[in-house]
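What follows is a set of notes on a single structure, which appears directly below.
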Amino acid sequence: MKKFTLMDYVLFNGIPKEDMEMLLACIGAKIKFYKEKDDLTELLQNRQYCFLLLSGRIRMTMPNGNVRLLKENSFFGSVVFSEIVPEAAKSATYQAETLVTIIVMDHEGIANPCWLSCFFHNRLRENAERLYWQD
């Protein structure tokens, strides 16, 4: 089995290992695990959070029936960049297609740098924007 750390994910690129614990607390990060076919809609539509898919695949079904698969390293959630998220994506349903591990983060923690305005928090924000636009 592959051994990984959060620094292996694009969202955390350039953030020193020694700053990771403080950053995770700052953004209220929590790791959650789900099994295949779990309905994740209620969590993933919660406008208080944004998410990084660490492993597995999530099926996102739009109201018009279009399906998009979210896979490892996908960054999503409707609030961080809410002005550019299509309304239909905010109404999508989500289901775990495989075993899923996601990191749940408070959107305010990412969108608004902490009172220290620390380098690593600003780097996280830049990485989040880059990831959002590449998806």
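Hydrogens, waters and symmetry mates play no part in the numbers below; they use all other heavy atoms, side chains included.
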Check your understanding: Looking at CG of L69 and NZ of K71, how far apart are the two atoms once the value is rounded to the nearest 0.5 Å?
Key -> 8.0 Å
Point to revise | Atom CD of E42: over 12 foreign heavy atoms under 6.0 Å | key: no
Practice item. Considering non-hydrogen atoms only, spot the tightest contact between E72 and S55 and give its length. Key: OE1-CA, 4.3 Å
Exercise for review: Output all residues satisfying side chain to side chain donor-acceptor pair (under 3.5 Å) with E97, sequence neighbours left out; order by chain, then residue number.
Suggested key: R57, R59
Exercise for review: Examine distances only and state if a side-chain atom of H107 and a backbone atom of Q48 form a donor-acceptor pair shorter than 3.5 Å.
Suggested key: yes
Check your understanding: How long is the gap from CG on L52 to CG on N73, to the nearest 0.5 Å?
Key -> 6.0 Å
**Study point:** Inter-residue atom distance S74.OG - I102.CD1, 0.5 Å rounding
**Key:** 11.5 Å
Please output the side-chain donor-acceptor pairs of residues 20-38 that fall under 3.5 Å, not counting sequence neighbours, one pair per line with the distance.
residue : atom : partner : partner atom : Å
K35     : NZ   : D38     : OD1          : 3.3
D38     : OD2  : K35     : N            : 2.9

**Study point:** Side chain to side chain, C50 and F76, heavy atoms closer than 4.5 Å
**Key:** no
Check your understanding: When rounded to the nearest 0.5 angstrom, what distance separates CD1 in I58 from OH in Y94?
Key -> 9.0 Å
Practice item. Determine, using the 4.5 Å side-chain heavy-atom cutoff (strictly less than), whether M7 and F75 are members of one ILVMFWY cluster. Key: yes
Practice item. Check step by step if side chain to side chain contact (heavy atoms under 4.5 Å, CB included) holds for F12 and N127. Key: CA-CA 7 Å; F12 299 106; N127 291 345; 5.7 Å; no
Point to revise | Under 3.5 Å donor-acceptor, N46 side chain and L43 backbone | key: no
Review point. Side chain to side chain contact (heavy atoms under 4.5 Å, CB included) between F51 and I103: does it pass, once the steps are laid out?
Key: CA-CA 6 Å; F51 312 91; I103 188 165; over 6 Å; no
Exercise for review: Measure the spacing between CE of M105 and CG of L11 and express it to the nearest 0.5 Å.
Suggested key: 5.5 Å
Point to revise | Heavy-atom side-chain proximity of Q95 to L40 below 4.5 angstrom | key: no
Check your understanding: Under a 4.5 Å cut-off applied to non-hydrogen side-chain atoms, are L54 and V100 in contact?
Key -> no
